[in-house]
Amino acid sequence: MMVALVFALTLFGLVMVFSASYYNSLSKYGNAFHYLIQDGVWFVLGWASFWFFGIIWDYHNFKHVYKIIVVVGLVMLALIFTPLGLTINNAKRWLDFYFFTVMPGEVIKFCLIIGLASFLDEDPSRILRWKDGLIPMGAVIAASVFLILAQPNMSTAGIVALMCIGILFVAGLRIIWLLLAGGAGLALFVGVILSPKGAYMLQRVQTFFDPFKDALGSGYQVVQGLLALGSGGVFGVGLGKSVQKALYLPEPMNDFIIAIIGEEIGFVGLVAMFAAFLVLIWRCCRIAINASDYYGMLLASGVSIILALQVLLNIAVVTASFFPTGVFLPFISLGGSATVIFMGLMGIVFNVSRN
């Protein structure tokens with residue numbers, strides 16, 4: 001069931017990326033199929049990643065190389081601040097390797113799931129100790145979040161922090177320490193948005209409370225997304241017939257693709273897609289619960305948590321239920337390194353299930 005759901009979602013994403021990107025692709029490249037071809041390539045690479053981590057690779061082998069994996073993730077985050085870093089829309093979030101780009105913020109999610117699960121599997125009681133447990137894990141998590149915030153990328157930093165807290169909670173972290181971590185995270189968030197470098201984040205928070213106050217400025221994308229959703233009604237205007245994708249909604253094939261889906265196939269289509277995600281998350285949780293070992297349980301739990309966070313936050317942003325920020329919708333948004341990473345993570349869950 002899990003494989004069928006992932007395949008259905010990725011195939012649906014391929015169709016919707018083509019529909020949502022048609023005019024943008026034609027306008028930028030003179031070729032309506034540019035983004036479809038690009039997404040098709042990532043579709044194939046993503047399934048290759050699923051196949052490798054789901055069938056070829058034994059997930060227990062991660063325990064032998066997890067320290068290297070975590071170091072590679074941190075180094076990639078640090079490399080963003082070198083000439084390899086690529087700046088787009090005043091944010092430096094990509095590494096440019098000439099022929100392709102990589103988003104280290106997505107890679108570090110994979111690295112931390114592997115790293116935390118492997119570290120705790122060596123000695124599960126570490127979750128109850130500070131010196132050789134919480135302090136080293138907290139240092140790695142803090143370093144990752146700090147490097148992501150420096151890009152700046154508040155949304156990914158928040159998702160990574162919540163994902164790690166979720167994994168630690170599953171591993172048995174005491175509630176009082178969870179509350180302290182949550183309080184520290186909230187204090188950090190407030191401190192960042194009130195700092196000089198957090199002006200853009202503060203603007204996004206203000207936009208969240210009233211996106212129509214600056215409908216042609218900071219609230220433009222949210223407003224256009226809401227117009228798309230409202231125009232779709234119950235059954236949508238028809239596949240391929242969206243108006244907002246005709247250069248009104250910026251980058252409609254990326255983080256705001258739900259708006260185009262809602263406009264073209266309506267509320268009914270969105271509910272069907274959300275139901276597929278809900279069942280997929282449930283299946284991942286079932287796999288975690290039924291895992292044959294503690295390590296597999298932690299890996300599958302980590303993937304379940306990050307999948308649920310990404311889906312919920314993307315929906316919240318597009319529906320103006322959360323302040324606007326870039327959150328990739330797994331399997332649906334235009335592919336890239338994030339697609340390969342998520343497909344690899346789903347492969348790991350499948351691997352845990354097979355064992």
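These numbers come from a predicted model, not from an experiment.
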Are the side chains of [X] and [Y] in touch, meaning some heavy atoms are under 4.5 Å apart?
X	Y	value
Asn351	Ile55	no
Leu226	Val222	yes
Leu249	Gln221	yes
Leu112	Val160	yes
Leu280	Met346	yes
Asp39	Met253	no
Leu36	Val17	no
Leu313	Ser155	no

Under the side-chain contact (heavy atoms from CB on, under 4.5 Å) criterion, do Phe267 and Phe235 qualify, and how do the steps go? CA-CA 6 Å; Phe267 178 74; Phe235 298 106; over 6 Å; no
Determine the interplanar angle of the Phe331 and Phe342 rings, folded into 0 to 90°, and report it as parallel if under 30°, tilted if 30 to 60°, perpendicular if over 60°. perpendicular
Just checking [X]: does its [atom1] atom have more than 12 heavy atoms from other residues, nucleotides or ligands closer to it than 6.0 angstrom?
X	atom1	value
Phe274	CZ	yes
Phe81	CZ	yes
Phe12	CZ	yes
Tyr248	OH	no
Phe52	CZ	yes
Trp51	CH2	no
Leu128	CG	yes

Hey, quick one: are [X] and [Y] part of the same hydrophobic cluster, counting side-chain heavy atoms closer than 4.5 Å, chains of contacts allowed?
X	Y	value
Ile37	Leu11	yes
Ile348	Ile68	yes
Ile265	Val237	no
Ile289	Phe169	no
Ile167	Leu134	yes

When rounded to the nearest 0.5 angstrom, what distance separates [atom1] in [X] from [atom2] in [Y]?
X	Y	atom1	atom2	value
Phe53	Tyr59	CZ	OH	15.0 Å
Arg129	Asp123	CZ	CG	4.5 Å
Leu299	Lys63	CG	NZ	9.5 Å
Leu239	Ile260	CG	CD1	11.5 Å
Ile332	Leu9	CD1	CG	5.0 Å
Leu120	Leu173	CG	CG	9.5 Å

Please step through side-chain contact (heavy atoms from CB on, under 4.5 Å) for the pair Val75 and Val71, ending with a clear verdict. CA-CA 6 Å; Val75 168; Val71 170; 4.0 Å; yes
Which heavy atom in [X] sits nearest to a heavy atom in [Y], and how many Å separate them?
X	Y	result
Val170	Ser301	CG1-OG, 3.7 Å
Leu74	Val140	CD2-O, 4.4 Å
Ala291	Gly296	CB-C, 3.8 Å
Val70	Cys111	CG2-O, 3.7 Å
Val340	Trp42	CG2-CE3, 3.5 Å
Ser292	Asn355	OG-O, 3.2 Å

What pairs with [X] under side chain to side chain contact (heavy atoms under 4.5 Å, CB included), at least two apart in sequence or on another chain?
X	result
Leu26	Tyr22, Ala32
Val65	Ile69
Trp282	Met1, Val279, Arg286

Whether [X] side chain and [Y] backbone form a donor-acceptor pair below 3.5 Å:
X	Y	result
Arg354	Gly54	yes
Thr10	Phe7	yes
Ser337	Met103	yes
Ser27	Tyr23	no
Ser118	Ile114	yes
Asn314	Asp255	yes
Gln310	Phe328	yes
Ser49	Gly344	yes
Ser25	Asn31	yes
Ser231	Leu227	yes

Taking the six-membered ring for Trp, are the ring centroids of Phe50 and Phe350 within less than 6.0 Å of each other? yes
Using a strict cut-off of less than 4.0 Å between a Lys/Arg side-chain nitrogen and an Asp/Glu carboxylate oxygen, indicate whether Glu263 and Lys245 qualify as a salt bridge. no
Any salt bridge linking Lys28 with Glu251? Criterion: basic side-chain nitrogen under 4.0 Å from a carboxylate oxygen. yes
Quick one: do Val41 and Gln38 satisfy side-chain contact (heavy atoms from CB on, under 4.5 Å)? Show the steps, please. CA-CA 5 Å; Val41 171; Gln38 181 180 327; 5.9 Å; no
Intermediate values then yes/no, side-chain contact (heavy atoms from CB on, under 4.5 Å), Leu95 and Ile80: CA-CA 6 Å; Leu95 289 178; Ile80 287 180; 4.0 Å; yes
Are a donor atom and an acceptor atom from the side chains of [X] and [Y] found within less than 3.5 Å of each other?
X	Y	answer
Glu122	Tyr66	yes
Asp293	His60	yes
Glu264	Ser19	yes

